[in-house]
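Below is one structure; the comments refer to it alone.
A note on names: the letters A, B, ... follow the listed sequences, proteins ahead of strands, and every chain is numbered from 1.
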Amino acid sequence: ALILLREMATRGLNPDVITYNTAISACGAGEQWELAVSLLRKMSTKGVRPDIVSYNSAADACAVAGRYREAMSLLREMPRRGITPDVVTYNSAIAASASGGKWKIAVGLLREMASTGLAPCLISFNSVIDACAKGGQSRVAVNLLKRMPTVGIIPDVISYNSAIDACAKGDQWKGAIGLLREMQAVGVPADVVSYNSAIDACSKCDQWETAVGLLDEMRAVGLKRDVISYNSAIAACAKGRRWNEAVNLLGEMRALEVTPD
RNA sequence: AAAUACUCUUUUG
């Protein structure tokens, strides 16, 4: 992308804001947060005024690279440049907080949105739940999930999956399974990630039999078990000192053409 | 009169 951007100049073509934004997001995808930020700076000097997408993209590039501080400082810089943060801006900031392990900041940003008159959307809630998961706050995560319908947002598969992951990371295997059953009951079909997260929860809580049971259930409901499903179930057996079951699962992977890693 | 391009969320070791 950067090569093409340079090539434009040699051909007398003028990059516009979308050209730069696309290049910034390409840097983000390539985990080159510094390049993303330097393009953001450079476009101004070339007479192309960064817009909200420019900032959101550069901030997200920082977030993806785990540069929480840099992401936040870009987002805080926006108002000074006359750009009003939007829902995507906040969602990115929440995601940056999540990867920085700052669940309280994520929750604070959700409140800040509302107080600014921006309505949090499905992704906002999902991102805060993820931040709580990464911060080991399963109770807060589940409370947020429960609160979503009260503001008119119906939790989707990612909401549930993030909350199940929060239970896994908080050693709440019963909570994880409860949510897995709940989503099925309310018409949000569980997917491979839902089961994988629930199996991980069982593994962390020394529930190897339940973990293996969920793996079997995946087959029964027609979900394609992947390397993560097996790794988690094998880890559960290992923790439970069930070496025989672990080796059997390894063999089963091969038979199903899931390549062990 | 008209087409096309840019940003946010989930799972194991």
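Rounded to whole Å, the distance from CG on A:N14 to P on B:rA5 is 22 Å. Atom-to-atom, CG of A:N231 to P of B:rU11 comes out at 15 Å; the value is rounded to the nearest Å. Rounded to an integer number of Å, the gap from CD1 of A:I52 to C1' of B:rC8 is 11 Å. Atom CG of A:D60 is separated from atom P of B:rC8 by 5 Å (rounded to the nearest Å). Rounding to whole angstrom units, CG of residue A:D16 and P of B:rC6 are separated by 12 Å. Per the geometry, CE belonging to A:M43 stands 14 Å off P belonging to B:rU7, to the nearest Å. The CG-P distance, from A:L214 to B:rU12, rounds to 16 Å in whole Å. Rounded to whole angstrom, the span from the CZ atom of A:R225 across to the P atom of B:rU12 amounts to 19 Å.
The side chain of A:K134 places an N or O atom within less than 4.0 Å of a non-bridging phosphate oxygen (OP1 or OP2) of B:rU11.
Checking B:rC6, B:rU12, B:rU10 against the side-chain heavy atoms of A:S162 singles out B:rU10 as nearest. Each of B:rU11, B:rU7, B:rG13 was ranked by its minimum atom distance to the side chain of A:N56; first place goes to B:rU7. Taking only side-chain atoms of A:V53, from C-beta outward, the nucleotide of B:rU7, B:rU12, B:rU9 with the closest atom is B:rU7. The side chain of A:D261 lies closest to B:rG13, out of B:rC8, B:rG13, B:rC6. Minimum atom distance to the side chain of A:N126 is reached by B:rU9, of the listed B:rC8, B:rC6, B:rU9. Comparing B:rG13, B:rC6, B:rU9 against the side chain of A:I123 picks out B:rU9 as the nearest. Here the side chain of A:S57 is nearest to one of B:rU10, B:rU7, B:rC8, namely B:rU7.
The closest side-chain donor-acceptor pair between A:N161 and A:S197, if any, does not fall under 3.5 angstrom. Looking only at atom types and distance, the side chain of A:D200 has no donor-acceptor partner in the side chain of A:S203 under 3.5 Å away. A donor-acceptor contact closer than 3.5 angstrom is absent between the side chains of A:S57 and A:N21.
Nucleic acid contact for A:D226: none, since no nucleic acid atom lies under 4.0 Å from a heavy atom of the residue. Among the heavy atoms of the strands lying under 4.0 Å from A:K204 are primed sugar atoms or P, OP1, OP2 only; no base atom is included.
Side-chain contact check for A:L215 versus A:R219: every heavy-atom pair is 4.5 Å or farther apart.
When all heavy atoms are compared, the tightest approach of A:E217 to A:Q184 is OE2-NE2, 4.3 Å.
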